[in-house]
Structure formats: C-alpha cells, structure tokens
Colleague: 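One structure, pasted below without further comment.
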Amino acid sequence: EAQNVTCNIIDTAGCLVIGSSAQVNIKNLQASGITLNNNGAILSFSQGDHVLIGNSVLSGITGLSQGPVISISSITDTEISINITDYDGTLIKAIDSGSVTLSNSIISGQNSASSAVNCTNCSILHISSSDFQNTNKVATPNGGAVFVSGSPDASVVIETSSFSYYFATESGGALAIFNSSLTITNSAFTNNTATQGGAIIHSSTQGSNSQVNITGTTFHHNFALLLG
C-alpha cells in the first residue's frame, strides 16, 4: 500500500511499475511534470487481483505518444478516482481485465489522438460521477472519451457523468462501444462530433446479445457529418 506518494520526474520510464501482485492500493498520489522518452506508462500493473488508485491528481504528463498514463493488464478488479489535466496518450488502457471502475473523476486537457479510456476485452467498465472534457479539442479516430472492444458478455455502465467537446474523425464522438452491452443513466453529452454517431456509436457482431439502454440522459449540440 502506498499513501501520499509524490512523483515529479523528468525523462523516466514511469512512476510506479508493479507486476504479479495480488493487491495494490495507491492513495493521494500527486504526479506532475513527467516526460517519458518512450511509450511506457506512468503507472503499470499486471497479473493481479485488485488495484485501487484513489484521490489522486496528475498533470503535465508528456511524451507518452500512444502509450497510456495508467496501464492495466490481467487485473481482476480495478478502482480509479483521479483528477488529470494536460496529458499525452491514453489515460487508462486496460487489456484482458475483469471489472474496471472509474468514479468521482475529472478528465481534461487531452493532448494526443487517443481515447481517454481504452478497454479491450474488459468484462465490465463502470463509469460514475465523472466529468470528461476535451478542452484542447483534440481529434481521435473512434470514441474520444471511451473506446471499448469487448466480448459478447461484456458490459459498459455509465452513471451521472458528462462528456463534452470530443471529436472523432470516424465514429463515436464521445463513446465508441463495440461488442459490449451499454447502459447509460442520468448523464449528459454536449458538443461532441464525429463522422458517424456524433455522441455515441454502438456496434456488435451478428449473434451478439449486447443491448443498449439509455435513461434520464441529455444530448445537446452533438453533430454527425454523415449518420447519427
């Protein structure tokens, strides 16, 4: 367990790299002014049961290119609460993991053409009480805020969250959800743009049981160049 951790590092491979650990708890992490010379992650976790990143603030994370700020691989359960501004790359990249929860978070100041959250083969992605803002108006190919490519039984749940000013050159201005069920409640999508699906695109392969349920959610000034 790590509490009250501060990282202020230039030209490094990462702040914390942890592998093959059953449980990792990180609280009150402060990381700023970090420049990487490769595509490594600031925080990297693999082969574990539980990762908690709570009440943390990150800013000025540069040099990531397409690399993530937080890399998660084969973790059963992940909980993240974070405030991040001015960063390159993807904020969270999760691969072959179980439940990934992002709550009470503020994500803004994206500087590169990567989705803020990228989940590949995650069982559950749960976003609640979080605010995504593409304040720098950076364009991504698909899903500026969230990109999910899952299995037929995977699910994405979004509650009381907002997504604004995202732009995708292809599809899903804010959200691009493929082969996963999608449930959105009491959320807001504002000023998002894409070629297809100004705010959201959802697509599934033939025979998939994935469903879409949206309730109590507002869409305001979202725009699609062709469809949706």
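Hydrogens, waters and symmetry mates are skipped; everything else that's a heavy atom, side chains included, is used.
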Colleague: Would you give the length of the straight line joining atom CD1 of Ile75 to atom OG of Ser97, rounded to the nearest 0.5 angstrom?
Modeller: 6.0 Å
Colleague: Please enumerate all residues that pass side-chain contact (heavy atoms from CB on, under 4.5 Å) together with Asn222, with sequence neighbours excluded.
Modeller: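 Listed in chain order: Phe189, Asn192, Ala199, Phe219.
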Colleague: Applying a strict under-4.5 Å side-chain criterion to I, L, V, M, F, W and Y, I'd like to know whether Ile80 and Leu29 cluster together.
Modeller: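 Yes, because Ile80 and Leu29 connect within a single hydrophobic cluster, where side-chain heavy atoms sit under 4.5 Å apart.
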Colleague: So, His126 side chain and Ser155 main chain: donor-acceptor pair closer than 3.5 Å or not?
Modeller: no
Colleague: Scan side-chain atoms only and decide if Thr85 and Ser108 contain a donor-acceptor pair under the 3.5 Å cut-off.
Modeller: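 Looking only at side-chain atoms, Ser108 and Thr85 do not form any donor-acceptor pair under 3.5 Å.
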Colleague: Is it true that a side-chain atom of Ser161 and a backbone atom of Ser130 form a donor plus acceptor pair closer than 3.5 Å?
Modeller: yes
Colleague: Is a donor on one side and an acceptor on the other found under 3.5 Å between the side chain of Ser210 and the backbone of Ser181?
Modeller: no
Colleague: With side chains defined as the heavy atoms from C-beta onward, is the minimum distance between Leu175 and Phe163 less than 4.5 Å?
Modeller: yes
Colleague: Are Ile107 and Ile184 co-members of a hydrophobic cluster defined by side-chain heavy atoms under 4.5 Å apart?
Modeller: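 Yes, Ile184 and Ile107 fall within the same hydrophobic cluster.
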Colleague: Counting C-beta onward and ignoring hydrogens, is there a side-chain heavy-atom pair between Thr185 and Ile158 closer than 4.5 Å?
Modeller: no
Colleague: Check the surroundings of atom OH in Tyr165: do more than 12 heavy atoms from other residues, nucleotides or ligands lie under 6.0 Å from it?
Modeller: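 Counting neighbours around OH of Tyr165, 12 or fewer heavy atoms of other residues, nucleotides or ligands fall under 6.0 Å, so no.
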Colleague: So, does Thr135 use its side chain to make a donor-acceptor pair with the main chain of Gly109 at under 3.5 Å?
Modeller: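 The answer is yes, because a donor-acceptor pair under 3.5 Å joins these two groups.
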Colleague: Between CD1 of Ile106 and CD of Gln133, what distance do you get to the nearest 0.5 Å?
Modeller: 7.5 Å
Colleague: Can you tell me if Ser81 uses its side chain to pair, donor with acceptor, with the backbone of Gly54 under 3.5 Å?
Modeller: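 Checked: no pair found.
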